[in-house]
**Student:** 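Please find one structure pasted underneath; my questions will follow.
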Amino acid sequence: MTTPRRLLLVNGPNLNLLGLREPGIYGSATLADVERIATEAAAAYGFEIRAVQSNHEGVLLDAIHAAREDCAGIVINAGAYTHTSVALRDALTGVALPFAEIHISDVYAREEFRHFSYLTDIAAVHVVGEGVQGYATAVRRLILLIAGQADG
């Protein structure tokens with residue numbers, strides 16, 4: 001069986017407000033910009049992106065579960081669920097796909113509660129504080145990992 005050439009892009013709660021919410025922290029790019037950046041980065045390696053954003057944890061869990069059928073990996077910005085959701089962690093370990101954890105801002109330079117992540121120790125790739133361009137970095141690094149190449 002060949003490896004699918006698709007990544008699931010997961011964006012959690014409040015990321016639908018990108019471009020409006022706290023632009024001093026998150027910038028002026030929108031969720032559509034994020035999806036375009038990830039799609040273009042994936043296309044450079046012959047991959048496609050399936051994107052999902054939800055403010056509802058169960059929707060994100062269902063998308064992660066479905067990814068095991070036709071995706072080679074997952075790029076996830078879990079938003080606030082990063083710091084609270086054992087369910088997301090369990091879904092990611094349950095599907096056993098490599099995944100990249102991404103944060104637009106430098107969470108380690110922000111409030112202390114943002115320093116903890118339920119995902120960091122199980123993520124194959126981490127991208128923190130690169131703004132929305134970090135999505136391209138996460139996609140590229142995850143694809144290279146999937147392809148068995150160096151983590152570039």
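This one's a predicted model, so the numbers in the text were calculated from it and none came from an experiment.
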**Student:** Distance check, rounded to the nearest 0.5 Å: N11 atom CG versus L60 atom CG?
**Tutor:**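 Answer for the CG-CG pair, N11 versus L60, is 9.0 Å.
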**Student:** If you look at every heavy atom in P98 and I146, which pair is closest and at what distance?
**Tutor:**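 Residues P98 and I146, closest heavy atoms: CG-CG1, 3.9 Å.
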**Student:** Please answer: with hydrophobic residues joined when any side-chain heavy atoms are less than 4.5 Å apart, are L20 and I37 in the same cluster?
**Tutor:**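 The answer is no; the residues belong to distinct hydrophobic clusters.
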**Student:** Could you give the distance from CG (L18) to OH (Y26), rounded to the nearest 0.5 Å?
**Tutor:**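 Those atoms lie 8.5 Å apart.
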**Student:** Using a 3.5 Å distance criterion without hydrogens, assess whether the side chain of H126 forms a donor-acceptor pair with backbone atoms of I102.
**Tutor:**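 Checking the backbone N and O of I102 against the side chain of H126, no donor-acceptor pair under 3.5 Å is found.
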**Student:** Between F99 and I64, is any pair of side-chain heavy atoms under 4.5 Å apart?
**Tutor:**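 They are not in contact (no side-chain heavy atoms under 4.5 Å apart), so the answer is no.
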**Student:** Using every non-hydrogen atom in the two residues, find where G12 and Q53 come nearest and quote the distance to one decimal.
**Tutor:**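 For G12 versus Q53, the nearest heavy atoms are O-NE2, 3.0 Å.
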**Student:** So which atom in A87 and which in L61 form the shortest heavy-atom distance, rounded to 0.1 Å?
**Tutor:**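 What the structure gives for the nearest pair is O-CD2, 3.4 Å.
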**Student:** Would you find a donor on one side and an acceptor on the other, under 3.5 Å apart, between the side chain of E48 and the backbone of R5?
**Tutor:**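 No, E48 side chain to R5 backbone: no donor-acceptor pair under 3.5 Å.
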**Student:** Identify the two heavy atoms, one from A72 and one from F47, that lie closest to each other, and give their separation to 0.1 Å.
**Tutor:**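 That would be CB-CE2, 4.1 Å.
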**Student:** Indicate the atoms forming the closest heavy-atom contact of P13 with A78, along with that distance.
**Tutor:**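 Smallest heavy-atom distance, with atoms named: CD-O, 3.4 Å.
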**Student:** Testing I49, V125, V127, V139 one by one against V75 for a side-chain contact (heavy atoms from CB on, under 4.5 Å), which residue passes?
**Tutor:**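 Only match with V75 under side-chain contact (heavy atoms from CB on, under 4.5 Å): V139.
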**Student:** Could you list all the side-chain hydrogen bond (donor to acceptor under 3.5 Å, both in side chains) pairs where at least one residue sits in residues 71-82, not counting sequence neighbours?
**Tutor:**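 Those involving residues 71-82 are N77-Y135.
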**Student:** If only atom types and distance count, is the side chain of R68 paired as donor or acceptor with the main-chain N or O of H65 below 3.5 Å?
**Tutor:**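 Yes: the side chain of R68 pairs with the backbone of H65.
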**Student:** Within the distance-only criterion (no hydrogens, no angle test), does the side chain of R6 pair as donor or acceptor with the backbone N or O of R50 below 3.5 angstrom?
**Tutor:**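 Pair absent, no side-chain N/O of R6 close to backbone of R50.
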**Student:** State the CG-CG distance between N55 and L17, to the nearest 0.5 angstrom.
**Tutor:**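 Here the rounded value is 7.0 Å.
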**Student:** Is the side chain of R89 donor-acceptor paired with the backbone N or O of Y118 at a distance under 3.5 Å, no angle test?
**Tutor:**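 Judged by distance alone, yes, a pair lies under 3.5 Å.
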**Student:** Enter the distance from R21:CZ to N16:CG here, rounded to the nearest 0.5 Å.
**Tutor:**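 R21 CZ to N16 CG: 9.5 Å, rounded to 0.5 Å.
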**Student:** Please check this pair: side chain of D33 against backbone of T30, looking for a donor-acceptor N/O pair closer than 3.5 Å.
**Tutor:**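 Present.
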**Student:** Could you state the interatomic distance from CG (L15) to CD1 (I104), rounded to the nearest 0.5 Å?
**Tutor:**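 Taking CG in L15 and CD1 in I104, the distance rounds to 5.5 Å.
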**Student:** What closest approach, in Å, do I74 and L142 show between heavy atoms, and which atom pair accounts for it?
**Tutor:**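 Closest pair (atom of I74, atom of L142, distance): O-CD2, 3.3 Å.
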**Student:** Working to the nearest 0.5 angstrom, can you tell me the gap between I76 CD1 and L7 CG?
**Tutor:**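 Between atom CD1 of I76 and atom CG of L7 there are 13.0 Å.
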